[in-house]
Amino acid sequence: MAEVAEAIAARETAAGSGPLVRVKGLAKHFDVSPPLLTRVLRKEGRTLVRAVDGVSFDIPTGRTFSLVGESGCGKSTVARLVVGLYSPTQGEVVFDGQRLADLTSRRQMAPVRRRLQMIFQDPFASLNPRWRVADIVAEPIRAHGLLDDNRAVLRRVGELLEQVRLSARDGEKFPHEFSGGQRQRISIARALASNPEFLVCDEPTSALDVSVQAQILNLMRDLQRELGLTYLFISHDLAVVYHISDYVGVMYLGRLVEWGEARDIFRKPQHPYTRMLLDAIPDLEMSGRQRIPVAGEVPSPIHPPSGCHFHPRCPFANERCRSEEPAPTPSPAGGGQVRCHAVEEGRLTEEVVQSELRRD
Amino acid sequence: MSPSDTPIQDRAPAAQAAGQAERSAAGKPALLEVEKMRVEFPTRRGTLVAVDDVSFHINEGEVLGVVGESGAGKSMTGSAIIGLLEPPGRIAGGEVRLGGRRIDNLPYEQIRRIRGREIGMVFQDPLTSLNPLYTVGHQLIETIQTHTDLSESQARKRAIELLAEVGIPAPDRRIDQYPHQFSGGMRQRVVIALALCVNPRLVIADEPTTALDVSIQAQIIKLLHKLCREHGAAVMLITHDMGVIAETADRVAVMYSGRIVEVGPVREVIRNAKHPYTHGLMGSIPMVGHDLDRLTQIEGSMPRLTEIPPGCPFNPRCPKVFERCRHERPELIPVEETQVACWLYDENEGATANGGRSGSHG
């Protein structure tokens with residue numbers, strides 16, 4: 001119990017003292033080369049997928065940072081890098097002033113592992129079907145040796161299940177006895193079991209029905225308030241991201257193209273890709289607002305386009321966009337950052353965007 | 001060509017027309033009429049009712065959205081209409097009529113003729129609806145030749161035209177490629193081409209965009225809508241996504257526990273939901289630009305098929321439940337332009353009904 005109290009005390013001092021998580025120049029390259037013999041016969045070199053290519057952002061304590069983008073943009077890879085499931089090719093992840101790369105041994109890693117936990121997309125695949133719920137939720141407590149006494153462990157499990165609005169008696173059951181939404185609650189209870197400060201949530205509601213999604217999103221928000229949690233939230237659904245986030249990063253083919261405060265980005269999107277994503281959201285309010293038509297598909301990350309990755313789909317691309325990779329520049333709309341030549345050069349004036357709308 | 005070419009302006013007349021057709025239903029029959037259809041699954045522990053006395057119609061050229069959460073019976077309704085229920089599932093009651101002709105009791109060979117010829121289909125996962133061992137062209141040509149008298153070379157020409165029509169670049173080259181050489185969005189375009197290749201009168205699209213990315217989803221919805229309009233095909237669009245419905249459908253039927261709880265013009269159902277379930281569902285959808293601290297929450301979850309409560313199936317979760325809901329099953333009651341299966345709107349429940357209406361989604 002002492003450790004739990006210690007953790008809570010540590011968290012209280014940490015609050016309001018800058019970013020809890022800092023990601024700097026993070027890159028992950030996967031080798032997808034054909035076998036050696038094939039390469040020799042075809043006289044080819046190695047093939048690398050730059051799944052994540054130079055991503056930097058900060059997450060302040062107690063806030064939610066969301067990564068949003070289409071499949072294959074590298075958002076889940078970032079999530080795995082941040083919790084240490086992958087080791088980065090370049091760059092670093094700093095958690096509460098500690099570089100994860102410096103923690104080489106299991107023993108050094110363990111205290112940090114306790115403080116960051118992950119929730120996965122599919123609550124059917126992430127719970128062991130042969131374990132009782134109580135054992136699933138107790139596993140982090142036992143693995144980190146947080147409580148010795150078995151009765152204390154079970155009491156804590158009961159508390160955790162009630163915290164996620166399940167009943168303490170549900171611990172007796174097996175995962176198959178629960179619906180998708182209830183299983184996701186169990187995943188959350190398990191993630192909370194080690195008293196973490198930071199949760200990485202990889203599409204936690206994508207597999208759920210919309211009414212159940214609302215329950216989980218409300219729960220996540222309540223827990224954040226009660227426990228002072230910091231979230232890294234991964235999703236492809238912009239409406240969900242808008243609802244849950246304080247900060248947003250939009251990813252495209254391994255790079256962040258625009259990031260900053262959620263309200264700024266959604267109100268005044270700068271990057272043409274962000275604009276396109278927002279325009280692709282179905283108009284549920286049936287307002288009949290004018291939208292730039294969506295064109296093209298995400299190209300293969302194995303052979304990404306030159307220069308700005310988005311240029312083949314961008315209505316505003318010019319020669320520079322095709323050859324030169326844009327650097328982050330402060331967004332004209334507020335405190336965020338954008339990687340776009342057109343925004344930097346001030347080419348994306350209201351008239352230009354309007355004429356694109358009319359062209360259609 | 002913008003995604004907003006499905007705006008309210010050109011949807012409104014269609015919705016009105018739908019309303020009129022409903023009223024003059026006695027005159028000219030709708031394209032598809034489903035009457036009190038019941039789908040049952042006999043199991044060792046008793047019979048499960050997956051679709052429970054569902055009635056609706058689709059007019060010529062109309063897009064009917066069928067929306068509901070998983071387990072609501074929406075896909076089952078689609079499969080039952082085209083005779084693709086997996087045994088032991090079976091239609092245990094009711095009638096399905098296509099252009100006035102009963103099709104739910106046809107022998108296998110006849111319903112197979114109707115499938116593809118008169119009713120096209122688009123499923124969620126384009127990988128499972130295309131055969132990976134044959135080229136896309138082979139599959140298109142086979143389908144065209146099954147249903148028409150075209151020669152092989154004519155069918156091939158038609159297939160290339162279709163691929164061009166669904167927006168596949170270089171169709172004369174792509175036609176000889178295999179499904180795995182296409183991206184997810186392109187595969188779904190091929191499936192749409194297959195569904196439309198012999199100009200069916202009705203297309204049943206079951207979650208056609210669910211497996212796709214948002215930007216591709218917008219393109220596919222637009223394509224499906226445009227093509228069906230051009231080919232004059234009506235669409236039954238089955239989805240869990242209200243956004244897709246809002247973009248595409250003329251009317252929408254909301255399903256819950258195997259029953260239709262509300263059906264009416266899309267605009268009306270979305271903006272002024274009457275059934276407490278629809279109302280809650282709309283409130284639980286996060287929307288960009290809505291700064292809400294909490295989303296509306298419908299407590300609990302949809303009952304399993306083995307545990308559907310008596311009376312209204314929504315009664316244990318309903319915030320406006322009263323005694324009658326627990327015993328008596330509500331039928332669809334016309335309220336303004338929509339029909340709602342809810343006792344709040346029954347005339348005999350005067351006082352409560354007013355309460356229900358004033359609390360509807362705005």
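Each chain gets a letter, A, B and so on, in the order its sequence line appears, and its residues count up from 1.
Ranked by heavy-atom pairs under 4.5 Å with chain B, the list A:V212, A:V298, A:D222 is led by A:D222. The candidate from A:H243, A:Q213, A:Q182, A:R165 with the greatest count of non-hydrogen atom pairs under 4.5 Å with chain B is A:H243. The most heavy-atom pairs under 4.5 Å with chain A, out of B:Q217, B:Q297, B:M302, come from B:Q297. When the candidates B:H290, B:H240, B:E299 are compared by the number of heavy-atom contacts under 4.5 Å with chain A, B:H290 comes out ahead.
B:S301 contributes atom OG, which lies 11.0 Å from atom CG of A:L208 (distance to the nearest 0.5 angstrom). Here the CG atom belonging to B:L292 is positioned 11.5 Å from the CG atom belonging to A:L217, to the nearest 0.5 angstrom. Taken to the nearest 0.5 Å, the CG atom of A:L284 stands 4.5 Å off from the CE atom of B:M287.
Of all non-hydrogen atoms in B:A218 and A:A280, the two that sit nearest each other are CB-O, 4.1 Å. When every heavy atom of B:V288 is checked against every heavy atom of A:F266, the shortest pair comes out as CG1-CD2, 3.6 Å. In this structure, B:E69 and A:V210 approach most closely via the heavy-atom pair OE2-N, 3.7 Å.
With a threshold of 4.5 angstrom between heavy atoms, B:Q219 approaches chain A through side-chain atoms but not through N, CA, C or O. Using a 4.5 Å cut-off between heavy atoms, B:M186 contacts chain A through both its backbone and its side chain.
At a threshold of 4.5 Å between non-hydrogen side-chain atoms, the residues B:R317 and A:S211 count as touching. Side-chain atoms of A:E297 and B:I216, non-hydrogen and from C-beta on, do get closer than 4.5 Å to each other. In this structure, the side chains of A:S179 and B:R304 stay at 4.5 Å or more apart for every pair of heavy atoms.
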Check the pair B:V214 / A:I281 against side chain to side chain contact (heavy atoms under 4.5 Å, CB included), numbers first and verdict last.
-> CA-CA 7 Å; B:V214 265; A:I281 305 176; 6.0 Å; no

Take A:D209 and B:K74, measure what salt bridge (charged side-chain N to carboxylate O under 4.0 Å, His left out) needs, and give me the verdict at the end.
-> CA-CA 14 Å; A:D209 272 320; B:K74 53 193 192 305; 6.0 Å; no

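A distance-only check finds a donor-acceptor pair linking the side chain of A:Q215 to the backbone of B:I298 [under 3.5 Å]. Put simply, the side chain of B:E247 gets close to the backbone of A:D283: a donor and an acceptor are under 3.5 Å apart. Checking side-chain atoms of A:N218 against main-chain N and O of B:R294 turns up no donor-acceptor pair under 3.5 Å.
Using a 4.5 Å cut-off between non-hydrogen atoms, the part of residues 231-238 of chain A that approaches chain B consists of A:H236, A:L238.
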